[in-house]
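Below is one structure, written out as structure tokens; the observations come after it.
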Amino acid sequence: MHETDKLLKQIERLREQMSSVALSQGITSLESIALSQELDRLLNMYEKLRYDKKEVMHKK
């Protein structure tokens with residue numbers, strides 16, 4: 001499995017977890033905010049991987 005595929009699975013699991021926590025505890029709860037920040041971090045990693053891969057393809 002490619003690194004981006006693994007990352008996408010993590011992102012999807014975290015989105016589901018964040019939605020569940022936000023519904024039960026509120027979107028401004030500390031846990032919701034922490035999950036949101038982690039989701040942002042994973043999304044940034046994913047975008048960087050995609051960008052880096054695109055750059056490698058253009059150099060060929």
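Quick note: residue numbers are just sequence positions, from 1. Computed from heavy atoms alone, side chains included, the values below leave out hydrogens, waters and symmetry copies.
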Item to check | Within 6.0 angstrom of Leu49 CG, more than 12 heavy atoms from elsewhere | outcome: yes
Going from [atom1] on [X] to [atom2] on [Y], what distance comes out if it is rounded to the nearest 0.5 angstrom?
| X | Y | atom1 | atom2 | result |
| --- | --- | --- | --- | --- |
| Met45 | Thr4 | CE | OG1 | 11.0 Å |
| Glu38 | Gln17 | CD | CD | 9.5 Å |
| Leu43 | Gln10 | CG | CD | 11.0 Å |
| Lys48 | Leu7 | NZ | CG | 12.5 Å |

Next on the checklist: If we ignore hydrogens and angles and just use 3.5 Å, is the side chain of Ser20 paired with the main-chain N or O of Glu16 as donor and acceptor?
Outcome noted: no
Next on the checklist: Between Arg15 and Leu42, is there a side-chain heavy-atom distance shorter than 4.5 Å?
Outcome noted: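 Not touching, per the 4.5 Å side-chain cut-off.
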Checklist entry - Does a salt bridge link Lys9 with Asp5, judged by any charged N lying under 4.0 Å from a carboxylate O? => result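 A salt bridge is absent here (no side-chain N lies under 4.0 Å from a carboxylate O).
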Checklist outcome for this item: Heavy-atom closest pair (Val21 atom, Ser29 atom, distance to 0.1 Å) is CG1-OG, 4.1 Å
Checklist entry - Just one of Glu31, Arg41, Met18 clears the side chain to side chain contact (heavy atoms under 4.5 Å, CB included) bar with Ser36, so which one? => result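 Single side chain to side chain contact (heavy atoms under 4.5 Å, CB included) partner of Ser36 among Glu31, Arg41, Met18: Met18.
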Checklist entry - Going hydrophobic residue to hydrophobic residue with side-chain gaps under 4.5 angstrom, can you get from Leu35 over to Leu8? => result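 Per the 4.5 Å side-chain linkage, Leu35 and Leu8 are co-clustered.
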